[in-house]
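Working notes, beginning with the structure itself.
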Protein chains: 2
Amino acid sequence: MDIFSLSSREISLLIYLAQNRAAEKEIEITTTQLANFFKISQQTASRCLLKLNEMRIVTWKSSPKGSLVMLTSQGTHILDQLRFELEKALHPDLTFIELKGTVFSGRGEGKYYVSRPAYMKSFQSQLGYKPYHGTLNVRIGNNYIDHLDLIRGSWPVIIPGFESEERPFDDVLCYPLKVIGLEDKVAGIIPRRTHYGANVLELISKVCIRDILNLADGDEIVIEFPLTHD
Amino acid sequence: MDIFSLSSREISLLIYLAQNRAAEKEIEITTTQLANFFKISQQTASRCLLKLNEMRIVTWKSSPKGSLVMLTSQGTHILDQLRFELEKALHPDLTFIELKGTVFSGRGEGKYYVSRPAYMKSFQSQLGYKPYHGTLNVRIGNNYIDHLDLIRGSWPVIIPGFESEERPFDDVLCYPLKVIGLEDKVAGIIPRRTHYGANVLELISKVCIRDILNLADGDEIVIEFPLTHD
DNA sequence: ATTACTATTTTGCGAGTAG
DNA sequence: TCTACTCGCAAAATAGTAA
């Protein structure tokens, strides 16, 4: 989904809806309200919502009493993308986005996921290396959560999901990163914003980052997300 | 200028130009380049630049050899506005934007400007009070410069400029603020981003803030810009 | 009240091409 | 090569109105 393929009206509508909390919950709204706010006709507002719904950018339930609208995760992602492009536009000299966080121990879930053979194979082909069979959990500092959101707006490396006998495995979104002090390439897996504890980042690399950098729980690390200016 | 009156194409173009440093300097570009990048026809790219130029959003000098384009301050302001709207969309629970800075002594220029009778009169009518005849200079901390840029994206109170015998006086842009610890209303004058030392904010209020809060040079103050959710 | 269909008008794109 | 005109067609807007 390219944000520039949306019309200005659709983007404005999305922003308006998000400002009214439609990213978190279903909100009540009427097409007339939207029409008045944007100084367009009620019909256009209706058609616009219809289209956003078809594109899976919002979910929309309409009735003769009004409408219930909520942004999908794709809808939120469009706003993230726009924010990312805008950040590069307003700071054209920026060469990377910085993150600081502290190392902590998870419950080995990362290890479980990363070592699924189907994922492993895609990591190898998409990132160019076979990752170490575990992840380094980093809790991003409060001052850097915005930066995490910014990175979410960039185009990720997509590790495709798959179906297993027990359950389906989702696509995994990776972002190429650099850990200060470490030579090896690193990729970060950023959970969706909606998750509880969305300030967590899981790092994968060819090597065991924790061992090489001699990290203990609570140690701070600095991470950079490179910005490639076309 | 309402950002929602621009087409998606115009906004994308503006972002693209800014990413290529057109906010700081004239950049060389051809309409064919733009056409290829956005997968549109060369004619549409040409028309689009023409329109942005007419709207004073960019300056554009075209010749049979190519084009020179640069964003005007209005062009940059549109990006700021978009950023501001996006910020509210991505953080709908935010009730204010915080600034921290340190007090310093200027050379009395603020005092000179504020006390022009024509300005004084507009301050009274637009802000509802006659400001103290001096400004409090605040140097905004590095971590808060982004927040300053955000505030720039909001709709300011505009104190109209005027012509005097000696020289013209520009419009003054004010933003309603709150200084923590002070009851009285405060307004901030934020210089244009292009100025050297754009991390400076001049506060005006009915009272002498420095005296009431007993501020010395170097003291830190905390400022809030309230966000009104429509 | 709503949403949303149909008809009509307006806007805007791209192709061809001149300067 | 560039920019930028005219023209024909397609997309999208509004108005009227039905459900």
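Throughout, a chain's letter reflects where its sequence line sits, starting with A, and its residues are numbered from 1.
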Quiz item: Is Ser7(B) touching bases, backbone alone, or none of the nucleic acid, heavy atoms closer than 4.0 Å?
Solution: nothing
Practice problem: Output all residues satisfying ring pair (Phe, Tyr, Trp, His ring centres under 6.0 Å) with Tyr129(A), sequence neighbours left out; order by chain, then residue number. | Solution: none
Self-check item: Interatomic distance where CD belongs to Glu28(B) and P belongs to dC2(D) [whole Å]
Solution: 13 Å
Quiz item: Restricting to pairs with a member in residues 139-159 of chain B, which pass ring-ring contact (aromatic ring centres under 6.0 Å, His included), not counting sequence neighbours?
Solution: Tyr144(B)-His147(B)
Quiz prompt | Distance in Å, Ser154(B) OG paired with Leu173(B) CG, rounded so as to fall on 0.5 Å steps | solution = 9.5 Å
Quiz prompt | is_close_aromatic(Phe96(B), Phe225(B)), centroid dist under 6.0 Å | solution = no
Quiz prompt | Heavy-atom contact window of chain B on DNA chain C, given 5' to 3' at under 4.0 Å | solution = dC13(C) to dG16(C)
Quiz item: How large an angle, rounded to 10°, do the end axes of the helix from dT2(C)-dA19(D) to dG19(C)-dC2(D) enclose when each is built from five base pairs?
Solution: 40°
Practice problem: Would you mind reading off the distance between Leu34(A) atom CG and dA13(D) atom P, rounded to a whole angstrom? | Solution: 14 Å
Quiz item: side-chain contact (heavy atoms from CB on, under 4.5 Å) with Asp170(A): which residues, sequence neighbours excluded?
Solution: none
Quiz item: Just how far, in rounded Å, is C1' of dA19(D) from NZ of Lys65(A)?
Solution: 16 Å
Quiz prompt | salt bridge (Lys or Arg N to Asp or Glu O under 4.0 Å) pairs, two or more places apart, involving residues 29-47 of chain A | solution = none
Quiz item: In residues 49-64 of chain B, what residues come within less than 4.0 Å of DNA chain D, judged by heavy atoms?
Solution: Trp60(B), Ser62(B), Ser63(B), Pro64(B)
Quiz prompt | side-chain contact (heavy atoms from CB on, under 4.5 Å) partners for Thr30(B), two or more places apart | solution = Thr32(B), Gln33(B)
Quiz item: For Asp80(B), what residues pass the side-chain contact (heavy atoms from CB on, under 4.5 Å) criterion, not counting sequence neighbours?
Solution: Leu90(A), Thr76(B), His77(B), Arg152(B), Arg193(B)
Quiz item: Any ion pair linking Lys51(B) and Glu54(B) (charged N to carboxylate O, less than 4.0 Å)?
Solution: no
Self-check item: Counterpart residues, side-chain contact (heavy atoms from CB on, under 4.5 Å), relative to Ile11(A) (two or more places apart)
Solution: Leu6(A), Ile15(A), Leu82(A)
Quiz item: How close or far is atom C1' of dA12(D) from atom CG of Leu13(A), stated in whole angstroms?
Solution: 16 Å
Quiz prompt | Exceeds 12 heavy-atom contacts within 6.0 angstrom, atom NZ of Lys178(A) | solution = yes
Quiz item: Does Thr32(B) make a side-chain N or O approach to OP1 or OP2 of dC2(D) shorter than 4.0 Å?
Solution: yes
Quiz item: For Thr44(A) and Ser41(A), does a side-chain donor sit closer than 3.5 Å to a side-chain acceptor?
Solution: yes
Practice problem: For residues 57-76 of chain B, pull every pair meeting salt bridge (Lys or Arg N to Asp or Glu O under 4.0 Å), keeping only residues two or more places apart or in separate chains. | Solution: Glu26(B)-Lys61(B)
With the criterion being N/O to N/O and under 3.5 Å, what pairs connect the protein with nucleotides 14-16 of chain D, and how long is each?
from	atom 1	to	atom 2	distance (Å)
dT14(D)	OP1	Ser41(A)	N	3.2
dT14(D)	OP2	Ser41(A)	N	3.3
dT14(D)	OP2	Ser41(A)	OG	2.6
dT14(D)	OP2	Thr44(A)	OG1	2.0
dA15(D)	N7	Gln43(A)	NE2	3.0
dG16(D)	O6	Gln43(A)	NE2	2.6

